[in-house]
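Structure record follows, encoded as structure tokens.
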Amino acid sequence: MAVSASEVTLDDLRPGDIGWLVMRHGELYAAEAGFDGTFEPLVARILADFAETRDPACERGWIARAGDRRLGSIFCVRGPETGAAKLRLFLLEPE
């Protein structure tokens, strides 16, 4: 179903979003890139670490939504070097 740009919002994580992200990353990366079952637990670990230890002053995750429908995600976390950022968990629903 097509969505117009005016319908899309970027929101902070809500209850249920982490589980959805793990599931959709596992499903989409298996279907589109041939990833195996080891990818989904990796995504779960990344998200658990983010939820438990993130620094809200400089790390954030967003879910793109159209109403209650989740469309995708992007996270910005600390990078490997001081002052650097790293984008993670980029996902867009295929439609």
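Positions are given from 1 along the sequence. Side chains are part of it too, since the values below use all heavy atoms of this structure and drop only hydrogens, waters and symmetry mates.
Glu27 pairs by the side-chain contact (heavy atoms from CB on, under 4.5 Å) definition with Met23, Arg24, not counting sequence neighbours. Scanning for ring-ring contact (aromatic ring centres under 6.0 Å, His included) contacts around Phe35 gives Tyr29, Phe39, with sequence neighbours left out.
When all heavy atoms are compared, the tightest approach of Val22 to Ala44 is CG2-CA, 3.7 Å. Of all heavy-atom pairs spanning Trp20 and Leu91, the tightest one is CH2-CD2, 3.7 Å. Across every non-hydrogen atom of Leu21 and Ile63, the tightest pair is CD1-CD1, 3.9 Å. The heavy-atom pair separating Glu32 from Pro94 by the smallest distance is OE2-CG, 3.6 Å.
Separating the CG atom in Leu10 from the CZ atom in Arg60 is a distance of 8.5 Å, to the nearest 0.5 Å. Interatomic distance, CG of Leu42 versus CD1 of Ile46, reported as 4.0 Å (0.5 Å rounding).
Within the 3.5 Å criterion, the main-chain N or O of Asp49 finds no donor-acceptor partner in the side chain of Glu52. Looking only at distances, a side-chain donor or acceptor of Ser73 sits under 3.5 Å from a matching main-chain atom of Leu89. Looking at Arg88, its side chain never comes within 3.5 Å of a backbone N or O of Phe75 through a donor-acceptor pair. Side-chain atoms of Glu59 come within 3.5 Å of backbone N or O of Arg78 as a donor-acceptor pair.
With hydrophobic clusters built from ILVMFWY side chains whose heavy atoms lie under 4.5 angstrom apart, Leu47 shares a cluster with Leu28.
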* To do: Please report the C-alpha distance between Leu92 and Phe90 in whole Å, then the side-chain angles of each, then the deciding distance to 0.1 Å, and finally whether the side-chain contact (heavy atoms from CB on, under 4.5 Å) criterion is met.
  => CA-CA 7 Å; Leu92 283 177; Phe90 177 70; 3.7 Å; yes
* Please lay out, stage by stage, how Phe50 and Leu13 fare under the test side-chain contact (heavy atoms from CB on, under 4.5 Å). => CA-CA 11 Å; Phe50 177 84; Leu13 294 176; 3.9 Å; yes
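The list of salt bridge (Lys or Arg N to Asp or Glu O under 4.0 Å) pairs with a residue in residues 65-77, not counting sequence neighbours, reads Asp11-Arg65, Asp17-Arg65, Asp17-Arg70, Arg69-Glu95.
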